[in-house]
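Have a look at the structure that comes next, please.
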Amino acid sequence: MKEKKSLRKKVIKIGGVLLAAAILGFMIKELIQNWQDIRPYLVNAKFGVLAAAVGLYAIAFLATGYNWAYLLWRMDHRLEKRDYLHIHMVSALARYIPGGIWNIVGKAYLCTEKGVEKSATTASMILEYVFQILSSGLFLFFFLPVLMREFLTPILTGLFLVLAIVIIWLLPWAVRIGMQILGKVFREDLSKMQIKNRYIYQILLQYVGVWLFTGFGLIILVWAFEDISWIQGVYLMLSYPISWVAGFLSPSPNGMGVREGVLSLLLGERYSYELLLLITLTTRIWTILGEVLAFIGFEGYYILQKKR
């Protein structure tokens, strides 16, 4: 049985790498073939706006890390929130190491080294993934009426409103189900862990807020290449969380290729093909630069605070 599971994992990993390579390879090929049409966007790009977009993503990345730090701090007070955020920042960059588990391993190792309860660390990572998946999934539901706005009738609008209320009401139940599922994956029993509904809504609101801020950063990124309408901005803000969760749930390393492919599909109706290629390929560079900037900025602050 262990050999079969090991073989299955290897097949999934190899399949994920091949999938990422195929999607990215196609996009790069299209970029090269359409280079003459894409080049003007780069030549006329507002580089000050691009720098601002990277800065906005750096803030969003820090806010995401703070959300996890807050989750763990609520369960184990032996470290300050900034110490947990330091652990997040160090381990987060390990996502780019082949294997896809180093982010998790890094957090577990660094927390254990600091004396944090193993069960609290594992529970915080499970909750982090549950809240990230559910909060990003909410954007898919709210994207549907935007996609269907030309066909919306008063009855359909009312139906969406009723469904929205039901979904929001069921969110605490969905979080607890997600905890059980991921608890089995992490081999951690969370059945005795009690979370109040008010706390669930608070954390979900924090994650939704980070997604909205990330979407605003993406709007600024695209604006650096071309002026956009308000509906294009709405598409960007709603599309990125959906593409992120698709990449997260895919077998490709760090969602490579899948995230870009889904983003391309969701934005396809609103942008020229050349600009769409540029957007989908530059978003990955945008996030990497933002994470590096956030890491350098926060670690500099963290070192100064430790010396005081």
Side-chain angles (χ1 to χ4, degrees), residues 14-58 60-61 95-96 98 136 139-140 143 146-150 211 214-293:
I14 293 171
V17 171
L18 292 175
L19 176 63
I23 296 174
L24 288 177
F26 172 77
M27 288 185 171
I28 292 171
K29 178 179 73 70
E30 291 295 300
L31 179 71
I32 294 171
Q33 290 180 350
N34 293 274
W35 176 249
Q36 292 304 319
D37 294 319
I38 293 172
R39 188 171 175 273
Y41 289 113
L42 294 172
V43 171
N44 299 313
K46 309 176 189 78
F47 290 99
V49 177
L50 284 173
V54 171
L56 289 172
Y57 187 82
F61 184 64
R95 296 197 315 274
Y96 297 99
S136 57
F139 284 82
L140 176 59
F143 198 16
V146 175
L147 289 172
M148 299 172 57
R149 69 187 185 286
E150 295 178 0
W211 284 127
T214 304
F216 176 68
L218 182 56
I219 290 172
I220 300 302
L221 175 71
V222 177
W223 180 48
F225 298 119
E226 185 178 71
D227 292 339
I228 60 176
S229 65
W230 70 269
I231 190 64
Q232 287 176 315
V234 171
Y235 267 66
L236 287 168
M237 192 164 282
L238 294 176
S239 296
Y240 189 79
I242 301 170
S243 66
W244 178 90
V245 76
F248 177 80
L249 295 174
S250 73
S252 67
N254 197 29
M256 196 78 71
V258 174
R259 187 191 302 173
E260 288 79 7
V262 172
L263 187 63
S264 177
L265 288 173
L266 294 173
L267 297 178
E269 293 183 4
R270 290 290 155 187
Y271 295 90
S272 66
Y273 186 64
E274 296 77 21
L275 182 57
L276 186 61
L277 281 171
L278 185 60
I279 292 171
T280 52
L281 288 172
T282 53
T283 49
R284 180 67 63 168
I285 300 171
W286 170 61
T287 57
I288 292 173
L289 290 176
E291 289 176 8
V292 171
L293 178 62

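As the structure is a prediction and not an experimental result, all values here were calculated from the model. Values below: every heavy atom of this structure, side chains too, minus hydrogens, waters and symmetry copies. Start at 1 with the first residue, then count along the sequence.
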Original post:
Does L275 reach the side chain of I279, with side-chain heavy atoms less than 4.5 Å apart?
Top reply: yes
Subject >> Over all atoms of both residues, closest heavy-atom pair of A45 and L50 >> reply: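 That would be CB-CD1, 4.2 Å.
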**OP:** Hey, could you give me the CG/CD1 distance between L281 and I38, rounded to the nearest 0.5 Å?
**Re:**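 One finds 8.0 Å between CG of L281 and CD1 of I38.
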Original post:
Does the ring center of Y240 lie less than 6.0 Å from the ring center of F139?
Top reply: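 That pair fails the under 6.0 Å test.
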Original post:
For the residue pair W211 and S136, what are the closest heavy atoms and their distance?
Top reply: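 Minimum heavy-atom separation between W211 and S136: NE1-N, 3.6 Å.
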Subject >> Residue that, paired with V222, satisfies side-chain contact (heavy atoms from CB on, under 4.5 Å) out of T283, L236, L267, T282 >> reply: L236
Original post:
With distance as the sole test, does K46 use its side chain to make a donor-acceptor pair with the main-chain N or O of F225 at under 3.5 Å?
Top reply: no
**OP:** Please report the closest heavy-atom contact between I242 and V245, naming both atoms and the distance.
**Re:**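 So the two residues come closest at O-CG1, 3.2 Å.
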**OP:** Return each pair, listed once, that meets ring-ring contact (aromatic ring centres under 6.0 Å, His included) where at least one residue sits in residues 261-282; pairs must be two or more places apart or across chains.
**Re:**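 Residue pairs with at least one partner in residues 261-282: there are none.
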Original post:
Roughly how far, to the nearest 0.5 Å, is CG of L277 from CD1 of I28?
Top reply: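 Rounded to the nearest 0.5 Å, the CD1-CG separation comes out at 11.0 Å.
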Original post:
What heavy-atom pair brings L263 and S243 nearest, and what distance separates the two atoms?
Top reply: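 Result for this residue pair: N-CB, 3.8 Å.
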Subject >> Taking every non-hydrogen atom, the tightest pair across V54 and L293 >> reply: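 Of all heavy-atom pairs spanning V54 and L293, the closest is CG1-CD2, 4.1 Å.
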Original post:
How about F143: does its CZ atom have over 12 heavy atoms from other parts shown lying under 6.0 Å from it?
Top reply: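 Yes, enclosed.
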Original post:
If we only count heavy atoms from C-beta on, is the L218 to M237 side-chain gap below 4.5 Å?
Top reply: no
Original post:
Can you tell me if Q232 uses its side chain to pair, donor with acceptor, with the backbone of S229 under 3.5 Å?
Top reply: yes
Original post:
Taking all atoms of both residues into account, what is the closest heavy-atom pair of T214 and A60, and its distance?
Top reply: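 Heavy-atom minimum between the residues: OG1-CB, 3.4 Å.
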**OP:** Could you tell me whether a side-chain N or O of S264 sits under 3.5 Å from a main-chain N or O of E260, the two making a donor and an acceptor?
**Re:** no
Subject >> Separation between CG of L42 and CG of L278, rounded to the nearest 0.5 Å >> reply: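 That separation rounds to 5.0 Å.
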**OP:** Carefully, step by step, assess W244 and T287 under the rule side chain to side chain contact (heavy atoms under 4.5 Å, CB included).
**Re:** CA-CA 11 Å; W244 178 90; T287 57; over 6 Å; no
**OP:** Report yes or no: does W286 contribute a side-chain atom to a donor-acceptor pair with the main-chain N or O of A53 at less than 3.5 Å?
**Re:**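 Such a contact is found between W286 side chain and A53 backbone.
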Original post:
To the nearest 0.5 Å, what is the distance between CG (N44) and CZ (R39)?
Top reply: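 These two atoms lie 9.5 Å from each other.
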Original post:
Rounded to the nearest 0.5 Å, what separation is found between the CZ atom of R259 and the CZ atom of F248?
Top reply: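 So the CZ of R259 and the CZ of F248 are separated by 11.0 Å.
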